[in-house]
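Below: the structure, in C-alpha cells.
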Amino acid sequence: MSDARIRETLTALKAELVALSQGADDDRKPVELDQQSVGRLSRMDSLQVQAMAKAADARRAQEIRRIDAALQRLEEGDYGWCVECGEAIEARRLEIDPAAPRCSGCA
C-alpha cells in the first residue's frame, strides 16, 4: 500500500473516531440530581450510561493516539517497522490494523 493510501486510511479512521466522540457528548454530561424529573432508578441508569460513555471515549482517545503515532512513523519513514524489535510488520497485520506499532512476534 502506498504512503498516500496509508495516510488516507489512518486519517479516515481518526475522523470517524473523533465524530463518534463528539456525538456522545450528551452521554458524558453530569447527571442532574433532580428528584422531580428523574427517579432513583432512572438516575442510576443515567450514571451507568455516563460511565460507559466515558469509558468508550477513553478507548477512542487511546486509538486516536495510536493513529497519530502511526502517522508520525509514516512521516519519519518508520511506518511498517516494529517499534520494539525493528523487524518489518507483516503486510496482512497492517491491512487489518493500519496503526499497529509492533510485529506479531512482539505484540
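Only a predicted model underlies this, so the values are computations on that prediction, with no experimental measurement involved.
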Reported CD1-to-CG distance for the pair I64 and L71, which is rounded to 0.5 angstrom: 11.5 Å
- prompt: Passes salt bridge (Lys or Arg N to Asp or Glu O under 4.0 Å), E76 versus R73? Steps please.
  reply: CA-CA 5 Å; E76 295 171 354; R73 287 191 304 277; over 6 Å; no
message: Do L74 and L13 land in one hydrophobic cluster if side-chain heavy atoms of ILVMFWY residues count as linked below 4.5 Å?
response: yes
query: What's the spacing between E90 CD and S104 OG if we round to 0.5 Å?
result: 3.5 Å
task: Give, for atom CZ of R66 and atom NZ of K14, the distance between the pair rounded to the nearest 0.5 Å.
output: 14.0 Å
task: Determine whether L94 and Y79 make a side-chain contact, defined as any pair of heavy atoms from C-beta on separated by less than 4.5 Å.
output: yes
Closest non-hydrogen atom pair between A100 and I89, with its separation: O-CD1, 3.4 Å
message: Just verifying a value: how many Å separate T11 OG1 and I6 CD1, rounded to the nearest 0.5 Å?
response: 11.5 Å
- prompt: Can you tell me how far CD of Q22 sits from CZ of R60, rounded to the nearest 0.5 angstrom?
  reply: 10.5 Å
- request: Return yes if some donor-acceptor pair links the side-chain N/O of R93 with the main-chain N/O of R102 below 3.5 Å, else return no.
  value: yes
- line: Taken to the nearest 0.5 Å, the spacing of K54 NZ from Q50 CD works out to 4.0 Å
message: Under the criterion salt bridge (Lys or Arg N to Asp or Glu O under 4.0 Å), I'd like the reasoning laid out for E8 against R5: C-alpha separation, chi angles, the key distance, then a yes or no.
response: CA-CA 5 Å; E8 180 181 312; R5 180 76 177 124; 3.0 Å; yes
field: E84, CD atom: more than 12 neighbouring heavy atoms under 6.0 Å
entry: yes
message: Testing the basics here: between A70 and P98, what is the closest heavy-atom pair and its distance to 0.1 Å?
response: CB-O, 4.2 Å
query: Do L17 and I67 touch side chain to side chain, with heavy atoms closer than 4.5 Å?
result: yes
- request: Using a strict cut-off of less than 4.0 Å between a Lys/Arg side-chain nitrogen and an Asp/Glu carboxylate oxygen, indicate whether R7 and E75 qualify as a salt bridge.
  value: yes
field: Flag side-chain contact, heavy atom, 4.5 Å: P101 against C82
entry: no
